[in-house]
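To find a chain, count down the sequence lines: A is the first, B the second, and so on, and within it residues start at 1.
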Amino acid sequence: MPELPEVETTCRGIAPHITGQRVSRVIVRNPHLRWLVTKRLEKELTGQTIHSVTRRAKYLLLNTDTGTAILHLGMSGSLKIITATEPPGKHDHVDIVFGRSSLRLTDPRRFGSVHWTRRPVMQHRLIRPLGCEPLSEEFNGDYLYLRSRQRRVAVKQFIMNSHLVAGIGNIYASEALYMAGIHPKRAAGKISRNKYRLLAEVIKEVLNDAIGQGGTTLRDFVNGEGKPGYFRQHLNVYGKAGEPCISCRVPIREIRQGQRSSFYCPKCQK
DNA sequence: AAATTCTCCTGAAGGC
DNA sequence: TGCCTTCAGGAGAATT
């Protein structure tokens, strides 16, 4: 499942290969992604030159003079740069061709998406409602504290609300709460300003560490080595139900919050 | 407004 | 080449 660090790594990995390149062709083999990929993408992206590749939350933006392609990797998607003659596999749904090379979207579960918009991309319906970037200065303890007052939702669901802060995935939410010593079910509105300051810090720390590791995979984003892969982030709690807490040896617990698994240490997190 | 539930899909894992 | 059930998960949409 591509989390924000994987998307950022992908962004940095593909950017040098496609920036300044002109799209010679767009091949949509299967338009049935999360949303139906429209013909407008092929029609309007073809012939355009990518002038920059940026990221907003977990969306990748291929910016051109006439519009923006908005890509999301869902939970099983990946992008890589290939030779345009590379035969497609079963789950290779979209190729954006740049002469002799292509950007290929592979996505077995098809939770990903590709949109095209002519309007300023920040006004797009998928982008506009997003909260701040977790790695920005705007995102800090005070931001969390102020917006959580009177809120009864569990803190884990609170920090995973993309309208508040965009791109903290399920894994890093559990990890950050562990690092901050906060129980995932604590009501968001009952957490102190200081605790939120710590939480915001560890969120940035865990995301930056993962991006740092991703940096080592950027060398060759072409052919095979394309995927950043999933970081060998040493996880303290995620997926470790029953295993002893690294700090106090008490077994890690797993609970469900909003159809999503959460992991925590019952002794270290209050 | 806030909170909760539903939904898309398929590879992997587990039970028998 | 075993078959069937269950589950995970991003996040927008629908519902309460």
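For Q259(A), whose side chain is taken as the heavy atoms from C-beta onward, the closest listed nucleotide among dA3(B), dT5(B), dG10(C) is dT5(B). Side-chain proximity of F111(A) to dC9(B), dG12(C), dT5(B): nearest is dC9(B). Of the candidate nucleotides dG11(B), dC9(B), dA3(B), dG11(B) has the atom nearest to the side chain of P108(A).
Spacing between atom CG of L71(A) and atom P of dG10(C) amounts to 18 Å, rounded to whole angstrom units. As rounded to whole Å, 17 Å separates atom P of dG10(C) from atom CG of L33(A). A straight line from NE2 of H163(A) to P of dG10(C) spans 15 Å, rounded to a whole angstrom. Between the CD atom of Q157(A) and the C1' atom of dG10(C) there is a distance of 14 Å, given to the nearest Å. Across the protein-nucleic acid pair, D107(A) atom CG and dG10(C) atom P stand 13 Å apart, rounded to whole Å. Rounded to a whole Å, the NZ atom of K90(A) is 14 Å from the P atom of dC9(B). The nearest whole Å value for the distance from the CZ atom in R34(A) to the P atom in dC9(B) is 11 Å. Atom CG in N170(A) sits about 12 Å away from atom C1' in dA11(C), given to the nearest Å.
Heavy atoms of Y59(A) sit under 4.0 angstrom from primed sugar atoms or phosphate atoms, though from no base atom. L73(A) comes within 4.0 angstrom of no nucleic acid atom, judged by non-hydrogen atoms across all strands.
The cationic group of R125(A) lies under 6.0 Å from the six-membered ring centre of W35(A) and within 45° of the ring axis, placing it in a cation-pi geometry.
Toward the 5' end of DNA chain C, the nearer of the two residues L130(A) and E254(A), judged by each one's closest nucleotide, is E254(A). Of the residues near DNA chain B, R260(A) and R151(A), the one whose nearest nucleotide (by heavy atom distance) lies more toward the 5' end is R151(A).
Residue S76(A) has no polar side-chain atom (N or O) positioned under 4.0 Å from OP1 or OP2 of dT10(B). Contact annotation: H91(A) does not reach the phosphate of dT10(B) (side-chain N/O to OP1 or OP2, under 4.0 Å).
At a cut-off of 3.5 angstrom, counting only N and O atoms as typed in the model, there is no donor on one side facing an acceptor on the other between the side-chain of R256(A) and the base of dA8(C).
No side-chain donor from either of N140(A) and K204(A) sits under 3.5 Å from a side-chain acceptor of the other.
D95(A) has no carboxylate O lying under 4.0 Å from a charged side-chain N of R25(A), or vice versa, which leaves the two without a salt bridge.
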With side chain to side chain donor-acceptor pair (under 3.5 Å) as the criterion, how do T54(A) and N63(A) come out once you've worked through the C-alpha distance, each side chain's angles and the decisive distance to 0.1 Å?
CA-CA 8 Å; T54(A) 53; N63(A) 307 294; 3.1 Å; yes
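Panel note: side chain H93(A), backbone L33(A); no donor-acceptor pair is recorded below 3.5 Å.
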